[in-house]
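To keep things clear, I will list the structure first and then write my remarks on it.
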Amino acid sequence: MREPARLVVLISGTGRNLQAILDAVSSGRIQARTVAVISNRPDAQGLLRAQAAGVTTEVVDHKAFESREAFDQALAERIEQYQPDLIALAGFMRILSDAFVKRFEGRMFNIHPSLLPKYRGLHTHQRALEAGDNRHGASVHYVTAELDGGPVVLQGSIDIRPGDNAEILADRVMQEVELHIYSQVLAWAAAGRIRLTKEGLAFDGQIMDAPLQMETLTADP
Ligand code: GAR
């Protein structure tokens, strides 16, 4: 039997994605042990969720550092103390330096609230509405040096409805997509089924030429 993967989750805020991950770990869907939840904000609500689940929490407050590099260095050292196999950015709202990303490349994931490659960066829901899109969603990708640009493993989408505003749409994307796709990707990663290779993203040893879509997944692809 494989040892459970050691998982570190980085957060900045509410922690709804974190909660879904904690629940999937405790149900055994993700074969991992959450060894730490680290926030760059001392007041992040997600810290309370982690504590309620009995998970070690840490704060590395970016405001205490003079530069991005100094913060990233301190954060990387803190993460490394936990010897993680997997690192999940779950609403972690800091841009990471290339040196940080390189250190953890191949074991670090992010969830982004858009159908990447559309709408990297912020205000994704508003931008999808303004563009007149009729579908919108979220993506889970490997983190590489390019912001929101690493290979996408899985995405899910929903219809944009008349009457949707950015807030309603954000909430529907969270409930109907985000809370499902991140745990799925981390379950695959913890089971060793996905890998970032020089040729690209491999699923069960096969190079994938396009992201998987939540809507077309069977229970166990
Ligand atoms: C989520 O919608 C996540 O996709 C987004 O922040 C929110 C965090 O909510 N992340 C980004 O925009 C990253 N660029 P949560 O803390 O309740 O999971």
Side-chain angles (χ1 to χ4, degrees), residues 2-13 15-22 24-25 30-41 44 46 50 55-60 62 68-114 116-117 120-121 138-155 178 181-203 208 211-212:
R2 242 183 130 84
E3 285 285 302
R6 297 173 62 81
L7 171 66
V8 167
V9 186
L10 305 187
I11 60 164
S12 300
R16 289 161 295 178
N17 276 293
L18 167 67
Q19 187 68 59
I21 294 166
L22 293 170
V25 167
I30 303 175
Q31 298 278 310
R33 193 153 80 79
T34 315
V35 287
V37 169
I38 305 177
S39 173
N40 65 305
R41 297 179 59 107
V55 171
T56 301
T57 58
E58 301 247 16
V59 174
V60 183
H62 63 278
R68 183 180 304 285
E69 288 67 29
F71 167 72
D72 282 8
Q73 176 70 23
L75 179 63
E77 282 167 14
R78 200 68 68 86
I79 291 170
E80 270 175 359
Q81 283 179 0
Y82 292 96
Q83 302 183 316
D85 303 300
L86 300 174
I87 299 153
L89 311 184
F92 183 69
M93 303 305 280
R94 298 282 308 168
I95 292 176
L96 295 163
S97 58
D98 289 1
F100 182 97
V101 170
K102 275 269 160 316
R103 206 155 159 172
F104 299 112
E105 203 163 83
R107 45 186 171 137
M108 185 156 64
F109 295 91
N110 181 43
I111 187 159
H112 183 74
S114 79
L116 290 171
R120 296 176 184 181
S139 309
V140 178
H141 63 95
Y142 275 102
V143 177
T144 60
E146 197 183 343
L147 179 68
D148 299 328
V152 175
V153 182
L154 176 62
Q155 49 190 201
E178 295 196 48
I181 61 175
Y182 213 171
S183 300
Q184 177 63 82
V185 171
L186 293 173
W188 288 330
R193 297 185 65 183
I194 49 176
R195 217 167 285 286
L196 190 58
T197 72
K198 282 200 193 71
E199 289 73 41
L201 188 63
F203 191 105
M208 284 167 52
L212 292 162

CD1 (I79) and CG (L10) are apart, to the nearest 0.5 Å, by 4.5 Å

Heavy-atom closest pair (M208 atom, F203 atom, distance to 0.1 Å) is SD-CB, 3.6 Å

With a 4.5 Å cut-off on side-chain heavy atoms, are S39 and T57 touching? no

Measure the acute angle between the ring planes of H112 and H141, then classify it against the limits of 30° and 60° as parallel, tilted or perpendicular. perpendicular

I need the minimum non-hydrogen distance between F92 and S12, along with the two atoms involved. CA-OG, 3.4 Å

Side-chain touch V55/V9, heavy atoms, less than 4.5 angstrom: no

For a 4.5 angstrom cut-off between non-hydrogen side-chain atoms, does R103 reach Q73? yes

Give a yes or no answer on whether the side chain of Y182 reaches the backbone of L89 with a donor-acceptor pair at less than 3.5 Å. yes

Can you list the residues that meet the ring-ring contact (aromatic ring centres under 6.0 Å, His included) rule with Y82, with sequence neighbours excluded? none

Nearest 0.5 Å, please: how far is CG in N17 from CD1 in I21? 6.0 Å

Hey, are the side chains of I111 and I181 touching, using non-hydrogen atoms and a 4.5 Å cut-off? yes

When every non-hydrogen atom of L86 is compared with those of A5, the smallest separation belongs to CD1-CB, 4.0 Å

Between the CZ atom in R68 and the NE2 atom in H62, the distance rounded to the nearest 0.5 Å is 9.5 Å

Less than 4.5 Å apart, any side-chain heavy atom of W188 and any of L212? yes

Non-neighbouring partners of R78 that pass side chain to side chain contact (heavy atoms under 4.5 Å, CB included), sequence neighbours left out: I38, E58, V60, Q81

R33: what forms a salt bridge (Lys or Arg N to Asp or Glu O under 4.0 Å) with it, not counting sequence neighbours? none

Any non-hydrogen side-chain atom of R16 less than 4.5 Å from a side-chain atom of E178? no

Just wondering, do F104 and V143 contact through their side chains at under 4.5 Å, heavy atoms? no

Is the side chain of D72 donor-acceptor paired with the backbone N or O of S97 at a distance under 3.5 Å, no angle test? yes

Quick one: CD1 on I87 to CG on L186, what's the gap to the nearest 0.5 Å? 11.5 Å

If only atom types and distance count, is the side chain of D148 paired as donor or acceptor with the main-chain N or O of G121 below 3.5 Å? yes

Any heavy-atom pair between the side chains of R107 and D85 that's under 4.5 Å? no

Looking only at heavy atoms, the pair that brings A32 and V25 closest together is O-CG1, 3.2 Å

Closest non-hydrogen contact found for E105 with T144 is OE2-CA, 3.6 Å

Would one find more than 12 heavy atoms of other residues, nucleotides or ligands at under 6.0 Å from atom CZ of R195? no

What verdict does the side-chain contact (heavy atoms from CB on, under 4.5 Å) test give for L147 and R120, after you've listed the backbone C-alpha separation in whole Å, the side-chain angles of each residue and the deciding distance to 0.1 Å? CA-CA 7 Å; L147 179 68; R120 296 176 184 181; 5.6 Å; no

Short question: side chain of S139, backbone of L116 - any donor-acceptor pair under 3.5 Å? yes

Quick check: closest heavy atoms across A190 and I30, and the distance to 0.1 Å? CB-CG2, 4.1 Å

